K.L.:
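Below: one structure in structure tokens.
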2 protein chains.
Amino acid sequence: MSSQSKNTRTRILDAAWKLLESGATVRMSDIAKQAGISRQALYLHFPTRADLLIATTRHLDEAKDIDDRLAASRAAGSGRERLALFVEAWGNYIPEIHGVARALMAMQHSDDEARNAWSGRMQAVRIGCEAAVAMIEADGMLAPHLDRDTATDLVWTLLSVPNWEQLRLTCGWSQVSYVTEMKRLTERAVIAPGH
Amino acid sequence: MSSQSKNTRTRILDAAWKLLESGATVRMSDIAKQAGISRQALYLHFPTRADLLIATTRHLDEAKDIDDRLAASRAAGSGRERLALFVEAWGNYIPEIHGVARALMAMQHSDDEARNAWSGRMQAVRIGCEAAVAMIEADGMLAPHLDRDTATDLVWTLLSVPNWEQLRLTCGWSQVSYVTEMKRLTERAVIAPGH
DNA sequence: ACATTTCTTGACATCATGTCCAGTTGACAG
DNA sequence: CTGTCAACTGGACATGATGTCAAGAAATGT
């Protein structure tokens, strides 16, 4: 892979990123134009649209240091704190990836590859949820009627991208309100009353 | 509109209903075949796919008496009870309309008409949420940091179809668990602690 | 029996993805 | 300077879905 090829690849990913960020419907030809190459050249780098979108999310993850940001919650001294830190990290990451996420979710229904890619990424988020829930459980603060899996399902679902879309875009909440309210809501969902 | 025409229309809607219920991807030609007519005849009754899907939801609403079922929560003696009854009514309605809902949500990104239709239906659900929240507020039990709109947004978001899909299909929850947990969760989300 | 509405058949337009191929350009090696 | 290789271009084409159009068949009502 020559350096020119790397440049082109990066130009494509940046172009896809920029266009998707704007929220518009993005065709392969739009991305090609934005990257300054022919539509066919896209297919020399990415065999399908799904591949391109998936590569774009990885590109974004790298650029935005998502791993580091999510890992920050590991420093927490309590389960409750860890949950709050995780909600903050993930909740503030959503808007940055929302354009790509949206495109990938829209393809889920028709494309297996896209579905697997997105579900894999969400599974990673679930692991973060589980770690916080496990710590809460270790602290003896897990709501009595919940087991760890169920509690993880709950937190994970609360933190889904569609929920962010609804509160933030449909209901018009600010990002700060969203994060604040999600911290409270996830706590109340899984931490035993009275703690 | 002759009676034969009515019959055909109904046959189409029933065909669409049945196919969508199965969860598969449904083309216009599939619906035509299932209804026993030509693909072109569909367009004599419904100008576009979106129109057909929208008509199918209305057809379902009628067949399933959704209005009566949602209205049942109006008999509640307290805000808390009203919320529980609403969660139960709507939560148990979701699986019955899920096939059509799924198709309509998938079209949202590309079709204005579909987006408006779906958003209109969701707005009706929001009104049900708001009624419950208003009664809770009147009972003096609304969580102190929430106003009525914000609390309604929260309950409404918790009860969204994507959340149902995630818990029920992705996480494998039973319908009973979903409803039970949603009752608890919506309560904890909007009712002041200690009540 | 006639007229009108409904439905069928088949051809066609459109739009996006993805494939194929012949030819061009640019960099680098000998 | 020249030949080679890889990346890229341009154009044509296949596919699959929605939606349109027009000519005729069939059923229905009067």
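Sequence lines set the chain letters: A, B, ... in the order given, protein chains first and strands last, and positions in each chain run from 1. Only a predicted model underlies this, so the values are computations on that prediction, with no experimental measurement involved.
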K.L.:
Ignoring backbone atoms, test whether B:T8 places a side-chain nitrogen or oxygen under 4.0 Å from the OP1 or OP2 oxygen of C:dC7.
P.N.:
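Yes.
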
K.L.:
Classify the side-chain pair A:Q123/A:W156 by whether it contains a donor and acceptor separated by less than 3.5 Å.
P.N.:
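On atom types as modelled, these side chains do not qualify, holding no pair under 3.5 Å.
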
K.L.:
Among C:dC7, D:dT20, C:dT19, which is the nearest nucleotide to the side chain of B:Y43?
P.N.:
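For B:Y43, the side-chain atoms sit closest to D:dT20.
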
K.L.:
Do B:R39 side-chain and D:dG19 base share a donor-acceptor contact under 3.5 Å?
P.N.:
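Result: at least one qualifying N/O pair found.
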
K.L.:
At what angle, to 10 degrees, do the two end axes of the helix from C:dA1-D:dT30 to C:dG30-D:dC1 meet, given five pairs define each axis?
P.N.:
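Taking the rotation axis at each end, their angle is 10°.
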
K.L.:
Does a salt bridge link A:R115 with A:D112, judged by any charged N lying under 4.0 Å from a carboxylate O?
P.N.:
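Counted as a salt bridge, because a side-chain N and a carboxylate O are separated by less than 4.0 Å.
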
K.L.:
Checking B:D65 against B:Y93 for the side chain to side chain donor-acceptor pair (under 3.5 Å) test, could you report, in this order, the C-alpha distance in whole Å, the side-chain angles of both residues, the deciding distance, and whether it holds?
P.N.:
CA-CA 10 Å; B:D65 272 333; B:Y93 189 54; over 6 Å; no

K.L.:
Quick one: is A:H45 getting a side-chain N or O under 4.0 Å of the D:dA7 phosphate, OP1 or OP2?
P.N.:
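Indeed not, no polar side-chain atom of A:H45 lies that close.
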
K.L.:
When we call it a touch if two heavy atoms are under 4.0 Å apart, what does A:L44 touch: a base, just sugar-phosphate, or nothing?
P.N.:
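Base, at least one base heavy atom under 4.0 Å.
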
K.L.:
Between D:dT18 and B:T48, is there an OP1 or OP2 to side-chain N/O distance shorter than 4.0 Å?
P.N.:
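Checking B:T48 against D:dT18: no side-chain N or O falls below 4.0 Å of OP1 or OP2.
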
K.L.:
Can you name the one residue among A:T57, A:I97, A:T56 that meets side chain to side chain contact (heavy atoms under 4.5 Å, CB included) with A:L104?
P.N.:
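Of the listed options, the one satisfying the test is A:T57.
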
K.L.:
Give a yes or no on whether a salt bridge exists between A:D111 and A:R49, defined as a side-chain N under 4.0 angstrom from a carboxylate O.
P.N.:
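Looking at A:D111 and A:R49, the cut-off is not met.
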
K.L.:
Determine whether the side chains of A:D51 and A:T48 contain a donor N or O and an acceptor N or O closer than 3.5 Å.
P.N.:
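Indeed, the side chains of A:D51 and A:T48 share at least one donor-acceptor pair under 3.5 Å.
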
K.L.:
Which nucleotide wins on minimum distance to the side chain of B:Q40, given the candidates C:dT17, D:dT9, C:dG10?
P.N.:
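Out of C:dT17, D:dT9, C:dG10, the nucleotide with an atom closest to B:Q40's side chain is C:dG10.
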
